2 protein chains.
Amino acid sequence: MRQNAYNGCNNKNQVRNARMKQQKKRRVTLQQVAEHAGVSTSTASLIVRNNPRISEATREKVLQSMRELGYVYDRVAANLRSQTSTTVGLIITDISNTFFSEFLIGVQNTLEEVGLTVLLGTTFDSVAKQEQLISTMLEHRVGGLILCPVSGAAEETLSRLEQLDIPVVLAVREIADADCDFVGADYEEGTYKAVHHLIEKGHQEIAFLGGVKHSSTWTKRMKGLKKALREADLEVKNEFVIDSAPTREAGYEAVMELLRRPERPTAIFCFSDLVAFGVMQGIRKAGLIPGEDIDIVGFDNVPEAEISYPPLTTVSSFPRQSGKEAAQLLHDKIASSQHKKQRIILAPELVIRESSSKKRNA
Amino acid sequence: MRQNAYNGCNNKNQVRNARMKQQKKRRVTLQQVAEHAGVSTSTASLIVRNNPRISEATREKVLQSMRELGYVYDRVAANLRSQTSTTVGLIITDISNTFFSEFLIGVQNTLEEVGLTVLLGTTFDSVAKQEQLISTMLEHRVGGLILCPVSGAAEETLSRLEQLDIPVVLAVREIADADCDFVGADYEEGTYKAVHHLIEKGHQEIAFLGGVKHSSTWTKRMKGLKKALREADLEVKNEFVIDSAPTREAGYEAVMELLRRPERPTAIFCFSDLVAFGVMQGIRKAGLIPGEDIDIVGFDNVPEAEISYPPLTTVSSFPRQSGKEAAQLLHDKIASSQHKKQRIILAPELVIRESSSKKRNA
DNA sequence: CTGAAAGCGCTTACAG
DNA sequence: CTGAAAGCGCTTACAG
C-alpha cells in the first residue's frame, strides 16, 4: 500500500480502487525496462527475442531490470508490429466425444513444442456456429487453422479462408469438392475390416447405424461396407441402414427404430464408438444382450471402448496421432508458404473385443 | 492472376509465391475501407463497433465497402489500442477426463455468449507446465484466467497473478492458504453421501482409492469419509487407503496393490469415476466381479458412468454447471474490478447404479 | 553493439 | 455526424 502514502484516505474501497486503476492502466513496458537498465528500447527488444548479438553483460543487466519491474512480454503488440502470429485456431465438433479430446491432446502437445497457443472452438456440428467461430479466429489473427468441419460444410468456407491466405488443415472429415490439406483415417478400409470380421463370424444380416448421411465420413464407411458385403455376395439392406447424429443419444434412438422394424439384423456396425455405446444401451433396454444376441462393432477406439459393457470391438482411428499429424502439417504450412497440398491417411486397425467375439449359437 | 500481367513469367511457383507475399503482407485495413467508402477512419471505426451515432446511410455504405474489399476486423490491434482483451485463458489438468470436457463446454458456452474466446492449456498435473502456460497466457494478454490448479500448486502462483491485477477464478481444486474466487463441488459432503450409502448397505470394510494425498480435493474427501465412518463407529484403516494420480491407469494399479494386501475390503470408494473405471478393470482382472464381490462408488458422474460395466454408482459434481459458474464469475470480475471474493460450492448428488446396488450375500 | 524515428491496425480525445 | 493527430507496446530498418 505504499502508493497511498501521500494521502490520508482511510476508505478501504477507494484505496483499493486507486491501486487497481493504477496497476491496470500501467502494464510495465519494454521501454520502461530499457530506461531502468540504461539501454535503448531496441537493445531491450533484441534481448527479449534472444538475439545473440547482445553482450552477456547487458543482457543480464536488462533481464535483472525485467525481474525487478515484473515485466511481462506483450506478444500481442509484438505480433501486430511484425505481422506474425503465435496462435492457431482449432475448431472441433464435439469435445465431449473422447475421440476429439484425444485429437486435441495430439494437437496441443505438438503446437506447444513450437511455441504456438491454441484458440479452441466447438461447433456442435452447426454450420452457423462454425462460420462464426472462423470469423472470430480470423479477427484474433490466428496464424493458421485446424478445422474438423461440420457435416454440412461447403466449399465456400474454404475459399473464404484461401482468399485471406491463411493456412488451413482439414481433419477427420473432408469437404466435398475441396482441394485442401487433410489428415484423417482411412474410413473405407476401416469399415471394410470391421464388416469383413463380422462376415467371417458368419453374420449375413448386418446393419449400419449412425452418422450423417452423405457426409464424407459416412459415405466412406458406406463404401467399405458395400465392398465387404459384395465380396461375400451379400447386399446392403436399406431397412438396416439408419443415419443419425454421431452421438450416443442418437445411437440409442437409431437402434430403437431399428428394433421396431419387421426384420432384425444379427450384427450392427456403428458409425463411431459413441454411437455404439448408445446402441448397446438400446439393445439392453429392449431386453437383448449386446455381444450375444446382437454383435456390435464401433469405430475410433476411444479409451472407454475398453471398459464398456461388454468391451467394444472397434476400429482404431488413432485420434491422438491424427492430432499430432494435423498440427505438424499446419506448422509446416505456416513456416513455408511453398507447401504443396498433402493428404495424410492413417491406416486403421481392427481391435476385437467381447462385443463381437463370443461363439454364435445360430 | 491479374497482378502478374506486367511480367511474362510462366513459372507457376514464382507466380504463386508473388501472389502469396502480396496477400500476406496486405491485410485490408480499416483505413482502406474508409477511403473506399469516402469517410474518415474514425467513422469507419465507430461503425465496426456498432456505435449508433452513425447514420444508417453511411453505415450501409461502409459495410458495403467492407464486403467488397473482404475486410476482416483486427481485434488484436483494437485490443492493444483500447487496453482491453477479448480472450480468456482456461487451464485444466487433463482433457481426456470427460469431467473436464464437460467443464470446458460449460465455460465455452458461457464465454461465447459474451464475446470472449478461450485460450486453452493442459497441464497434465505438472507444476512446471502450469507456470509456463500461465506465462504464455499473460503474454497473450488474456483478460482473465480460469485455473484448475495442479495438485502441487502453491500460493505463489496466485500472488504473481494478483500483482498483475489479472482476474482469476480457481475451479475444481483449491490452493492451500489462498484467498481466491473458487467454483467447485462440496467434495466432503459428496463423499459423505457415498460412504454413508455403502454403510447403510452393511459395509464395514471400506477402502478409499486414488487421488493425490494432501491435495485439497483429496483432503476434503478424506474428511467426508471419516465423518461417515465415525457416525457408524467405524474407522479409517490405513491399509485401505491408497493414493494415486487421478487417472484410470493409476486406479488400476491402486486396486492391484490393494488386493495384494492381507485384508480385503467389501467396498471401495474411488476418488473419481476415472479411478473407479480402472479399479473395476483391476477387480475383474483379479477374477472378482465389481458390484457383486466388491461394491464400487465413483465421483463426478461423467457420461460414461452410465454405460460402464456395471453402471457405476457415483456422486454427481455437475461439471458442466461448474464450468458455467466459473465463466460467469470470471466475466463478472472482469467487468467490475470492485468484485469481492466469492466461493460457489455446488451441492453434490448421489446417483445409485448397479456397481453398488445388488443385494449382498454376506 | 546502440539510438532515434517510423509504423503494425486500430481507438481515443478533441475540435469542428 | 466527421476529420486530423496522437498513441497502445512492440519491431524494423537505418545510421552510427
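The structure displayed is predicted, hence computed values, not measured ones. Every chain is numbered from 1, with letters handed out A, B, ... down the list of sequences.
Partners of A:E113 according to the salt bridge (charged side-chain N to carboxylate O under 4.0 Å, His left out) rule, which considers only residues two or more places apart in sequence or in another chain, do not exist here. Among residues two or more places apart in sequence or in another chain, the salt bridge (charged side-chain N to carboxylate O under 4.0 Å, His left out) test is passed with B:K324 by none. Scored by the side-chain contact (heavy atoms from CB on, under 4.5 Å) test, B:S65 finds B:V33, B:H36, B:A37 as partners (sequence neighbours excluded). By the side chain to side chain donor-acceptor pair (under 3.5 Å) test, A:T87 pairs with A:S85, sequence neighbours left out. Contacts of A:E131 classified as salt bridge (charged side-chain N to carboxylate O under 4.0 Å, His left out), with partners at least two apart in sequence or in another chain: A:R160. When the salt bridge (charged side-chain N to carboxylate O under 4.0 Å, His left out) test is applied to B:E174, the partners found at least two apart in sequence or on another chain are B:K220, B:R343. For B:Q108, the side chain to side chain donor-acceptor pair (under 3.5 Å) criterion is met by A:T122, not counting sequence neighbours.
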Per-residue pairing states of DNA chain D in dot-bracket (Watson-Crick or G-U under 3.5 Å; . unpaired, | other strand) read |||.||||||||.|||
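Listed by first then second residue, pairs satisfying salt bridge (Lys or Arg N to Asp or Glu O under 4.0 Å) with a partner in residues 32-56 of chain B read B:E56-B:R59, not counting sequence neighbours. Residue pairs meeting the salt bridge (Lys or Arg N to Asp or Glu O under 4.0 Å) criterion with at least one partner in residues 65-80 of chain A, sequence neighbours excluded, are A:E60-A:R67, A:D74-B:R141, A:R75-B:E139.
Between A:R27 and D:dG9, a side-chain N or O to OP1/OP2 separation shorter than 4.0 Å is absent.
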Could you list all N or O pairs between the protein and nucleotides 13-16 of chain C that sit under 3.5 Å apart?
none

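Using a 4.0 Å cutoff on non-hydrogen atoms, no part of residues 134-142 of chain A comes near DNA chain D.
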